[in-house]
Amino acid sequence: MDDIEIKNKLVDELLALPDPTYWFEILGNIRQKFGKTTGDTVAMLAKRAWLKKICHSYYPLHPVVKFKIQAQNYLLSENQNLLIWSTLIALMENDSSDIRYQKCKKQIEKKYGENAFLNVLSTAEKIKIIKLNKNYNISKSLNIMAEKSITFQGWMKDEYLSNLPKKFQ
């Protein structure tokens, strides 16, 4: 197997997982086995492939958000990355959530700093409130979007979701 085939196989392994919050251990193993450069390349390729997957699948992304992601060739800005982390943290709800949360926290603090993580956490809390608070009277279809979406950014024009952050601060 050549280098490209190996990287593609590793990317496929990551994409088989539900979302990037499950990737930390596997990426650590990849970096240990193949080196930091290969691990970083695999992480970048997997992230782009994951973004393509959510843009072209059942995820109900707002057309404006989908267009922005596609127009940027699936390469996100720092603020967009942090908003995605906020959304992923807000949607954690299973047995491995605590472990994944700690790994996300460590990764965000390492890459962006403690203040960035505090902003991610604050945004995630806002997303959770909107998602869980029945007083907001979110229609069923919008609630499904909120539960399955990777970013709420595109729905800011909707009056029910006006309390969500329009962009990461």
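Treat the numbers as computed from the prediction; the structure is a model and nothing was measured.
- Two residues are said to be in side-chain contact when any heavy atoms from C-beta on lie closer than 4.5 Å; Asp3 and Phe34 fail this criterion.
- Taken to the nearest 0.5 Å, the NZ atom of Lys126 stands 11.0 Å off from the CG atom of Leu121.
- Here the NZ-OH distance, from Lys106 to Tyr101, works out to 15.0 Å after rounding to the nearest 0.5 Å.
- Judged purely by atom type and a 3.5 angstrom limit, Arg48 has no side-chain atom pairing as donor or acceptor with the backbone of Ala43.
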Test side-chain contact (heavy atoms from CB on, under 4.5 Å) applied to Asn8 and Glu5, step by step: CA-CA 5 Å; Asn8 285 334; Glu5 288 174 328; 5.7 Å; no

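- Nearest heavy atoms, Ala124 versus Ser86: CB-O, 3.3 Å.
- Taking both residues in full, the closest heavy atoms of Lys53 and Leu17 are given as NZ-O, 4.4 Å, listed atom of the first, atom of the second, then distance.
- Side-chain contact between Gln70 and Lys52 is absent, with no heavy-atom pair separated by less than 4.5 Å.
- At most 12 heavy atoms of other shown residues, nucleotides or ligands fall within 6.0 angstrom of atom CD in Gln32.
- A donor-acceptor pair is defined here as one N or O able to donate and one able to accept, closer than 3.5 Å; no such pair exists between the side chain of Gln102 and the backbone of Ile99.
- Considering only residues two or more places apart in sequence or on other chains, Lys9 meets the side-chain hydrogen bond (donor to acceptor under 3.5 Å, both in side chains) condition with none of them.
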When the side chains of residues 20-28 are checked against the rest of the protein, which donor-acceptor pairs come out under 3.5 Å, sequence neighbours left out?
unit_1, atom_1, unit_2, atom_2, d
Thr21, OG1, Asp19, OD1, 2.4
Thr21, OG1, Arg100, NH1, 2.4
Tyr22, OH, Asn94, ND2, 2.9
Trp23, NE1, Leu14, O, 3.0
Trp23, NE1, Asp19, O, 3.4

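- For Lys36, the salt bridge (charged side-chain N to carboxylate O under 4.0 Å, His left out) criterion is met by Asp40, not counting sequence neighbours.
- Thr38 OG1 to Lys7 NZ: the interatomic distance, rounded to the nearest 0.5 Å, is 5.0 Å.
- For the atom pair CD1 (Ile69) and OH (Tyr74), the distance works out to 8.5 Å, reported to the nearest 0.5 Å.
- Lys105 is listed as a side-chain neighbour of Glu109, based on a closest heavy-atom distance under 4.5 Å.
- The distance from the SG atom of Cys55 to the CZ atom of Phe67 is 12.0 Å, given to the nearest 0.5 Å.
- Side-chain contact between Cys104 and Met92: present, with at least one pair of heavy atoms (C-beta onward) separated by less than 4.5 Å.
- Judged by distance alone, the side chains of Glu125 and Ser122 never bring a donor and an acceptor atom under 3.5 Å apart.
- Side-chain contact between Ile89 and Ile108: present, with at least one pair of heavy atoms (C-beta onward) separated by less than 4.5 Å.
- Side-chain contact between Leu83 and Leu76 is absent, with no heavy-atom pair separated by less than 4.5 Å.
- To the nearest 0.5 Å, the span separating CD1 on Ile4 from OG1 on Thr41 amounts to 11.5 Å.
- For the residue pair Trp85 and Val120, the shortest heavy atom distance occurs at C-CG1, 4.1 Å.
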